[in-house]
**Q** 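This is the structure I have questions about; it appears just below.
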Amino acid sequence: MSAVNSINRGSAYDADVVVVGAGPAGLLLAAELARSGVRALVLERDAEARVSPGVALNGSVVLTLERLGLLESLRREAVPLPRVHFGLLWVDLDRVRPRPPDPVLLPQSRLEAVLAEHAAAQGAVVHRGHEVLGLEQDGEGVAVEVRGPDGEPQIVRALFLVGADGPESVVRRAAGIGVTRTAPTVSGLVADAEADPAALAPEHLGAAFSATGLYMGVPVGPRTVRLMTTEFGRRAPDGAPTRDELAAAVAALTGSEPKVEGLYRPPVRYDDRTALADAYRSGRVFLAGDAAHTHYPLGGLALGAALADAVSLGGTLAAAVRGEAPEGLLDSYHAERHPVGRRIITVTRAQSALLHPLERVGPLRELFGELLGLGSANEYLARAVSGLEPPGPGAG
């Protein structure tokens, strides 16, 4: 890493903890750190928040937001979902004890806005338009090379660095942390369209499942409908997605193009590839959220795990910054959260395996439907898709 000027030459450290990425994991982590008196600085490459395919807040997310005191303001904008599914097979939350909260639909962009306000209120600092180029660490801290909006590289020093910068994490690669991957098997698009929900054709509202893929059209705000497509067994074309590509995908899954006035932003691609970091810690560098675990955006599991990563790591790093961390505490983060990342990847891959190819998985879906009539099986899968721990021995 080249020797360039520090943002703050008058201080040995520009922050106690630098967090790379202003998604849910990064923002909540910064808020948790700042609440504990830790100087937290968030560096985000994008000048503006991006559209995310995430739209579901499952039971674990609802519980986390409730503990943070952020749920009520979001409930006014959220669409309640009284049912949850495992691979589009309905499970019964009423048969789970204690009963998990009902999930809700809310664009992740709105949640990120609330978390950004929460982080700022706690005293965290967020710098957008700052791209991380590399890092070096030693026994005393981490030096992060950053390019700001002016294009000039600079060095930011901190005691600890957290990569919450998404599936293609620059921090993860720069820290030399390996990753175990699976290849994508679907091609997905998501966009927020300007439209009057009442004027849309019936096939463009709600969810549709067929042998060729999944479609969802959900009102997420005044004159705003979230359009999501998943086409099975299709490789995404090269290049940025367009409105025409989205319209064609919707037509392929529903039989007609959606009658929308426009898109608020260009569509975003997603797929079902998975990636699990081999380690969540390398010295003074840590991973959280999609930088640590990536999978098909199904049922809010990624969001729930990301927020739980942030809460766990926030307490750990705050204790370390204050000099109160007992031996082994920093390593406990990987020990606690890595199995959770592996589990949610298993849960989402299992659901994907129930969807395609339909002519082969049809008998399996029929058998799973029968199993869901059993209390213990229903509870196990209901807790899995709610992002909660499996039931204890003897449950059900």
Side-chain angles (χ1 to χ4, degrees), residues 24 48-59 61-62 65 70-85 87-91 93 101-115 186-210 212-232 240-270 296-303 355 385:
E48 297 181 357
R50 300 179 62 194
V51 175
S52 166
V55 72
L57 310 186
N58 66 19
V61 176
V62 171
L65 295 176
L70 302 176
L71 184 61
E72 286 309 310
S73 62
L74 290 170
R75 276 200 188 280
R76 293 192 293 269
E77 307 172 50
V79 178
L81 280 176
R83 297 197 298 173
V84 297
H85 68 87
L88 297 183
L89 294 168
W90 297 110
V91 296
L93 292 180
D102 287 333
V104 297
L105 291 178
L106 184 80
Q108 185 171 303
S109 57
R110 179 57 187 141
L111 174 61
E112 289 179 6
V114 170
L115 290 175
V186 306
S187 174
L189 294 172
V190 59
D192 289 335
E194 182 180 2
D196 179 2
L200 287 178
E203 63 267 24
H204 294 143
L205 286 176
F209 169 48
S210 68
T212 58
L214 298 172
Y215 167 78
M216 184 169 70
V218 181
V220 293
R223 297 192 59 77
T224 303
V225 177
R226 168 68 55 91
L227 304 177
M228 290 185 65
T229 65
T230 299
E231 295 179 274
F232 298 145
T242 64
R243 175 177 174 171
D244 288 344
E245 184 184 345
L246 174 66
V250 174
L253 295 171
T254 67
S256 63
E257 293 188 6
K259 302 298 183 183
V260 299
E261 298 175 28
L263 303 181
Y264 290 103
R265 294 185 183 89
V268 172
R269 293 196 194 282
Y270 69 93
Y296 185 41
L298 193 63
L301 285 172
L303 176 59
L355 299 177
V385 296

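We number each residue from 1, following the sequence as shown. All values below come from the heavy atoms of this structure, side chains included, with hydrogens, waters and symmetry mates left out. A quick note: this is a predicted structure, and the numbers were derived from the prediction, not measured.
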**Q** Can you check side-chain contact (heavy atoms from CB on, under 4.5 Å) on V62 and R75, steps first, answer last?
**A** CA-CA 10 Å; V62 171; R75 276 200 188 280; 4.0 Å; yes
**Q** Determine the minimum heavy-atom distance between P241 and P267, stating which atoms define it.
**A**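 Shortest heavy-atom separation between P241 and P267 comes out as CG-O, 3.1 Å.
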**Q** First locate atom CG of L189, then atom OG1 of T229, and finally report the distance between them rounded to the nearest 0.5 Å.
**A**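 Interatomic distance, L189 CG to T229 OG1, rounded to 0.5 Å: 4.0 Å.
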**Q** Please report the shortest heavy-atom distance between V225 and G217, naming the atom on each side.
**A**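 Closest approach of V225 to G217, heavy atoms only: CG1-C, 4.1 Å.
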**Q** Calculate, to the nearest 0.5 Å, the distance between atoms CZ and CD belonging to R226 and Q108 respectively.
**A**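 So the CZ of R226 and the CD of Q108 are separated by 8.5 Å.
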**Q** Test side-chain contact (heavy atoms from CB on, under 4.5 Å) on L74 and V104; report intermediate values, then the result.
**A** CA-CA 10 Å; L74 290 170; V104 297; over 6 Å; no
**Q** Would you indicate whether the side-chain heavy atoms of L115 and P24 approach each other to under 4.5 Å?
**A**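 A side-chain contact under 4.5 Å exists here.
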**Q** Can you name the nearest heavy-atom pair linking F232 to L355, along with the distance?
**A**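 It is CE1-O, 3.6 Å.
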**Q** With sequence neighbours excluded, what pairs up with E112 under the salt bridge (Lys or Arg N to Asp or Glu O under 4.0 Å) test?
**A**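 Partners of E112 by the salt bridge (Lys or Arg N to Asp or Glu O under 4.0 Å) criterion come out as none, since no residue qualifies.
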**Q** Quick check: closest heavy atoms across V260 and A195, and the distance to 0.1 Å?
**A**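 Smallest interatomic distance, heavy atoms only, reads CG1-CB, 3.9 Å.
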**Q** Check the surroundings of atom CD in E261: do more than 12 heavy atoms from other residues, nucleotides or ligands lie under 6.0 Å from it?
**A**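 Yes, because the 6.0 Å sphere around CD of E261 holds more than 12 heavy atoms from other groups.
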**Q** Do E194 and T224 make a side-chain contact, defined as non-hydrogen atoms from C-beta onward lying under 4.5 Å apart?
**A**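 No, their side chains stay 4.5 Å or more apart.
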**Q** Measuring from atom CG of L227 to atom OG1 of T254, what distance do you get when rounded to the nearest 0.5 angstrom?
**A**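 So the CG of L227 and the OG1 of T254 are separated by 10.0 Å.
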**Q** Mind checking the CG-CD spacing from L65 to E72? Nearest 0.5 Å is all I need.
**A**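 Here the interatomic distance stands at 11.0 Å.
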**Q** What's the shortest heavy-atom distance between S256 and H204, and which atoms?
**A**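 Looking at all heavy atoms of both residues, the closest pair is O-NE2, 2.9 Å.
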**Q** Enter the distance from L57:CG to L303:CG here, rounded to the nearest 0.5 Å.
**A**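 Separation between the atoms: 6.0 Å.
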**Q** Taking the side chain as every heavy atom from C-beta outward, state whether L88 and L214 have any pair of such atoms under 4.5 Å apart.
**A**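 The answer is yes, as the side chains (C-beta and beyond) meet within the 4.5 Å cut-off.
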**Q** P219: what forms a side chain to side chain contact (heavy atoms under 4.5 Å, CB included) with it, not counting sequence neighbours?
**A**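 For P219 the side chain to side chain contact (heavy atoms under 4.5 Å, CB included) partners, ignoring immediate neighbours, are P197, L205.
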**Q** Just do the side-chain contact (heavy atoms from CB on, under 4.5 Å) check on L301 and N58 with the steps written out, would you?
**A** CA-CA 7 Å; L301 285 172; N58 66 19; 3.8 Å; yes
**Q** Which residues satisfy the side chain to side chain contact (heavy atoms under 4.5 Å, CB included) test with S187, sequence neighbours excluded?
**A**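 Listed in chain order: R234, A236.
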**Q** Of all heavy-atom pairs between P258 and V250, which one has the smallest distance, and what is that distance?
**A**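 Closest approach of P258 to V250, heavy atoms only: CD-CG1, 3.6 Å.
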**Q** Go through it in stages, so that I can follow the logic: the residues are L263 and L246, the test is side-chain contact (heavy atoms from CB on, under 4.5 Å), and I'd like the CA-CA distance, side-chain angles, deciding distance and then a yes or no.
**A** CA-CA 10 Å; L263 303 181; L246 174 66; 4.1 Å; yes
**Q** Can you name the side chain to side chain contact (heavy atoms under 4.5 Å, CB included) partners of V84, sequence neighbours left out?
**A**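 Residues passing side chain to side chain contact (heavy atoms under 4.5 Å, CB included) with V84: V91, L93, P103, V385.
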**Q** Could you check whether any side-chain heavy atom of T212 comes within less than 4.5 Å of a side-chain heavy atom of L253, counting everything from C-beta outward?
**A**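 They are in contact (side-chain heavy atoms under 4.5 Å apart), so the answer is yes.
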**Q** Can you name the ring pair (Phe, Tyr, Trp, His ring centres under 6.0 Å) partners of Y270, sequence neighbours left out?
**A**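 Y270 satisfies ring pair (Phe, Tyr, Trp, His ring centres under 6.0 Å) with no other residue.
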**Q** Mind checking what makes side chain to side chain contact (heavy atoms under 4.5 Å, CB included) contact with A251, not counting sequence neighbours?
**A**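 Only E257 meet the side chain to side chain contact (heavy atoms under 4.5 Å, CB included) criterion with A251.
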